[in-house]
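Only one structure is covered here, and it is reproduced in the block below.
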Amino acid sequence: MKVIKIDKNKWTKGLDTARESYQLFGPVKIKENHCFAPLKRDQQPDMTVVDTVLSPKSTVFPQTEKLMTATLDTSKPNHHLMERADTDYSPRAVIGIRPFDARAIDLVKLNFDTKDHRDPYWCDAHDATTFVGLAVNTPSQFDFSTSMDSGPFDEKGLDVLLVDMDTGYLAKILTPKGEAFMACAGFNREATAGDLQKMEELKKAAEQAITTQVETDNLREKSLLDLHQAPFWDDVAFSCINCGTCTFVCPTCWCFDIQDETKGNNTTRFRNWDSCMSPLFTLHGSGHNPRGEKTQRVRQRFMHKLKYFLDKYDQGTMCVGCGRCVKSCPVNIDIREVCNVMNAYEPQK
Amino acid sequence: MMANLLEHMGMEKDRVQFSWISSAEATKFATVAREVAQSVEALGPNTKFVKGSD
Amino acid sequence: MESYIEQIRTLAVDLLKSGKVDVVIGYRRGSVPMATVPFMARTPEQAKQLTWDSHCTLNLANYLTNRQEKIGIIAKGCDSRNIVNHIVENKINRDQLHIIGVPCKGMVNPKELQTLLDDEIISCAETGSTLTIASSQAEIKIEREDHLRNNCSLCTHRNPVIYDDLVGEAVEEPVLDDPFKDVNAIEAMDADEKWNYFDDLLDGCIRCYACRNACPLCYCPTCFVDESDPQWVGKGQNDTDIKTFHFLRAFHCAGRCTDCGACEAACPMDIHVRAFTRKLIKDSKELFGWEAGMDISKRPPLDTFAPDDPNDFIK
């Protein structure tokens, strides 16, 4: 596997060269908080922020995404026919995505790109994107990615993994897509054996700096119904105010709602992020709501992440340990604690 | 208070008006309607709280 | 603070032991620095987890809506005013409640504390009015009073307005020279400046509705933004729809908002949503001489009619 060395004073110039062939996304400061956004011509990604408030899932799954359009103008031959929206899927690159977030995109792919169904919007965006990741040298106290089959230097889902070596970056090229991006940016100096050793040391130090251990080893064997009927959900859910913050900041929450809007003769069908925290999410047309109670919704979120997904795909939990929900939850519901409780739960006989 | 909040958010004061007119007060209705139309015309087309077609 | 905690626990344990209440709602310590968790103790043993510090930012009245049991509840000034609102609006009965009032010294703004250190805060301890915050690299001591949340620094009702037990002594209520300086500053702008101010304010809103859900006033079974037949407001990330949501949500709080700041405490994007409700608080005071949640025998001004209601706006 090829590792390239990039001087920091050549970094900006390389990105500017890449901009001619790729639309770049990266972490930028919007008011007080950092978020992933398309970079403007003269804008550089902020490579120092570890945890953007929102995850970069929006780069392939925008919060509001136009899916289809139609005209109601009966003089047009295609009137009242929904047609796929004209969306730009030219090459793009997400710069500075952190390993746990790339891992998350890999997990979400299991849902949007299955044997039977391929979500064209998500998949086309994913196919067009090169993920240029940045390893986490100093994990935050909220990071528990090493417990969740990821880690500060995890390579899953990435095309390139950058490691900040202070004066420069080491770039580990992981896929042909990654190789093409690096070539396009003009980065080609091979790293030395000494660089590689230093990188290994940084990796070890970063992994050791994550002290939170979350236990997941028993989740697979636990009975789904036992966990579903466990008595602790009322206590977990009491403080929950059912805002959607956890689901919106989560890199693996993929649920959406589809809406049509018409103005004049133009109809647009688009999808918006939705949240299992909202009662409306499951409200049936009949008026019945299978998850009408707060406890049922809170249980759904944790069961989906930590049990249903695991059972369905056998690819680990649908949590990558980024810690965003722990940090953003206004009432401090902590998925690490809930996961440990679930993992240790033994039903009363 | 709603009118005040709208004004606070940047709607022009004359764009939202309130009046109390009985069904028997035809002349008052006509006068008020004319006044409202005039003051809104003076402000020009409204661009606020109008949804674009995106 | 330490003495508050002891008293809160003793009172809660006694209430639960004697059977005067079925549960006690308060706060317990969070799992991360500068966080508390709204918590319901069902047994005297659980009541020993109750705590109090400068991070009790959410409003506990939010947890009372339509509950049936006998409830002990911890209430600082703003919580107590929202409990009054709840009683007036028939969301809970006074007879069901045993209110443990806590004279409040203001809650701090954790985001502001974070700006004082370069690295992330990993611990925060409190002795008297002093907070000690530490990152892995540095430790500093600060005074609570210097870093209050904006709503706490404008609060003139720190003592509970209704209670059955009071923890500690009542605190002195601040007198403000210019309580609505922030609102006046917006009023001084011209129409377009105002419009742009609120456009900029809402930039970043992700419509998670945390502000609404954290608000003890927002208890409608179906909120107007969730209504689908008719659908009052679009659901996408459209500026007009976002602004419509914030405008109407605020207006639904007219004459009811106690400026408890739960909305801003809950907002993940740090949006100053109180910029809307502050105007309504000022107008309630100036037009109706009204402050929300002060008296269980009075209904809010927009809920009643009086012949001398101000009506200059009607032509």
Side-chain angles (χ1 to χ4, degrees), chain B, chain C residues 180 182-202 233-234 236-244 246-257 275-288 290 300-302 309-315:
Chain B
M1 273 173 84
M2 180 151 131
N4 289 357
L5 182 60
L6 278 169
E7 193 192 335
H8 196 64
M9 290 175 63
M11 292 298 283
E12 298 83 352
K13 192 172 172 44
D14 282 344
R15 213 174 281 280
V16 185
Q17 300 185 28
F18 297 79
S19 24
W20 189 265
I21 308 169
S22 149
S23 56
E25 295 177 304
T27 347
K28 185 178 174 190
F29 178 82
T31 316
V32 170
R34 233 173 270 125
E35 280 169 13
V36 170
Q38 265 171 17
S39 55
V40 173
E41 267 171 27
L43 288 169
N46 178 37
T47 54
K48 294 163 182 166
F49 278 121
V50 177
K51 200 166 163 179
S53 55
D54 54 353
Chain C
F180 294 108
D182 52 338
V183 186
N184 298 339
I186 300 172
E187 283 173 357
M189 298 177 189
D190 71 27
D192 287 337
E193 283 169 353
K194 288 174 180 169
W195 187 258
N196 294 335
Y197 171 84
F198 283 99
D199 259 356
D200 183 54
L201 184 97
L202 296 177
V233 53
Q237 286 300 96
N238 171 286
D239 293 347
T240 303
D241 289 329
I242 292 175
K243 208 178 234 181
T244 304
H246 284 282
F247 159 55
L248 284 173
R249 188 195 80 82
F251 188 64
H252 285 179
C253 303
R256 303 163 68 221
C257 176
F276 296 92
T277 46
R278 292 278 301 156
K279 167 68 177 165
L280 296 163
I281 292 171
K282 181 185 176 204
D283 282 1
S284 297
K285 185 108 191 244
E286 289 181 353
L287 297 171
F288 298 95
W290 172 263
L302 298 194
D309 278 347
N311 60 3
D312 303 345
F313 65 98
I314 295 175
K315 287 193 180 146

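A, B, ... follow the sequence lines: proteins, then strands. Residue 1 opens every chain. Computed from heavy atoms alone, side chains included, the values below leave out hydrogens, waters and symmetry copies.
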Contact origin within C/F198 toward chain B - heavy atom pairs under 4.5 Å: side chain

Engaged part of C/D241 at the chain B interface, taking heavy atoms whose separation is under 4.5 Å: side chain

Residue among C/L201, C/L280, C/L287 with most heavy-atom pairs under 4.5 Å to chain B: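 The candidate making the most pairs under 4.5 Å is C/L280.
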
Chain B contacts, top residue of C/F247, C/F276, C/F313 (heavy-atom pairs, under 4.5 Å):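 Option with the greatest count: C/F247.
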
Side chain to side chain donor-acceptor pair (under 3.5 Å) partner of B/S39, the single match among B/E12, B/R15, B/Q17: B/Q17

Result of checking C/K279, C/R278, C/K282 against C/D182 for side chain to side chain donor-acceptor pair (under 3.5 Å):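 Option passing the side chain to side chain donor-acceptor pair (under 3.5 Å) with C/D182: C/R278.
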
Over all atoms of both residues, closest heavy-atom pair of C/P300 and C/W290: CA-CZ2, 3.5 Å

Backbone of C/W195 reached by a side-chain donor or acceptor of C/K243 within 3.5 Å: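 Yes, the answer is positive, given that a donor and an acceptor are paired below the 3.5 Å cut-off.
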
Main-chain N/O of C/N196 paired to C/D200 side chain as donor or acceptor, under 3.5 Å: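 Pair absent, no side-chain N/O of C/D200 close to backbone of C/N196.
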
Which portion of [X] sits near chain C, non-hydrogen atoms under 4.5 angstrom:
X     : result
B/K13 : neither
B/E7  : both
B/V50 : backbone

Close side-chain approach of C/F288 to B/M1, heavy-atom, < 4.5 Å: yes

Residue, of B/L6, B/V32, B/V36, B/I21, that accumulates the most heavy atom pairs under 4.5 Å with chain C: B/L6

